[in-house]
Amino acid sequence: MGLCSSCFKGSSEELITPDPGIRRQQQLEAAERRREQNETRGIKDPEKVRRMQQKAEETARREEEAARMGGGQPGLRWQQD
């Protein structure tokens, strides 16, 4: 069992690590990419989902406003002649 001695030789170059500020920026960018990927995972059209959420929020806001203005009474009444 021979060992490959060339594999275990120390290299004359040391492993250069980036500046802590650059490293921090790279980590921040990677975290942002992961967050964006997780938000859109399983969604074919993220823009459509955003529009649907906005529409639901607007509907809820209008219902709350109508409840405050009408005192809980419906705005329209049906009257038979």
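We're numbering straight along the sequence, starting at 1. Since this is a predicted model, take the numbers as computed values, not measurements.
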### Task
List in chain and number order the residues that pass side-chain contact (heavy atoms from CB on, under 4.5 Å) with Arg62, two or more places apart in sequence or in another chain; answer none if no residue qualifies.
Glu58
### Query
At what distance, to the nearest 0.5 angstrom, does CD of Glu32 lie from CD of Gln37?
10.5 Å
#### Entry: Test side-chain hydrogen bond (donor to acceptor under 3.5 Å, both in side chains) applied to Glu47 - qualifying residues, sequence neighbours left out
Arg50
#### Entry: All salt bridge (Lys or Arg N to Asp or Glu O under 4.0 Å) counterparts of Arg33, not counting sequence neighbours
none
### Query
Can you name the salt bridge (Lys or Arg N to Asp or Glu O under 4.0 Å) partners of Glu57, sequence neighbours left out?
none
#### Entry: Pairing residues for Glu36 by the side-chain hydrogen bond (donor to acceptor under 3.5 Å, both in side chains) criterion, not counting sequence neighbours
none
### Message
Taking the basic N atoms (NZ, or NE/NH1/NH2) and the acidic carboxylate oxygens, is any pair closer than 4.0 Å for Arg61 and Glu65?
### Response
yes
### Message
Checking Ala56 now: which residues fulfil side-chain contact (heavy atoms from CB on, under 4.5 Å) with it, not counting sequence neighbours?
### Response
none
### side-chain contact (heavy atoms from CB on, under 4.5 Å) partners of Lys48, counting only residues at least two apart
Asp45, Arg51, Met52
### Task
Could you name each residue pair satisfying salt bridge (charged side-chain N to carboxylate O under 4.0 Å, His left out) that touches residues 18-28, not counting sequence neighbours?
none
#### Entry: side-chain hydrogen bond (donor to acceptor under 3.5 Å, both in side chains) against Arg41, all qualifying residues, sequence neighbours excluded
Asn38
## Note on the structure
Residue set satisfying side-chain hydrogen bond (donor to acceptor under 3.5 Å, both in side chains) with Glu29, at least two apart, ordered chain then number -> Gln25
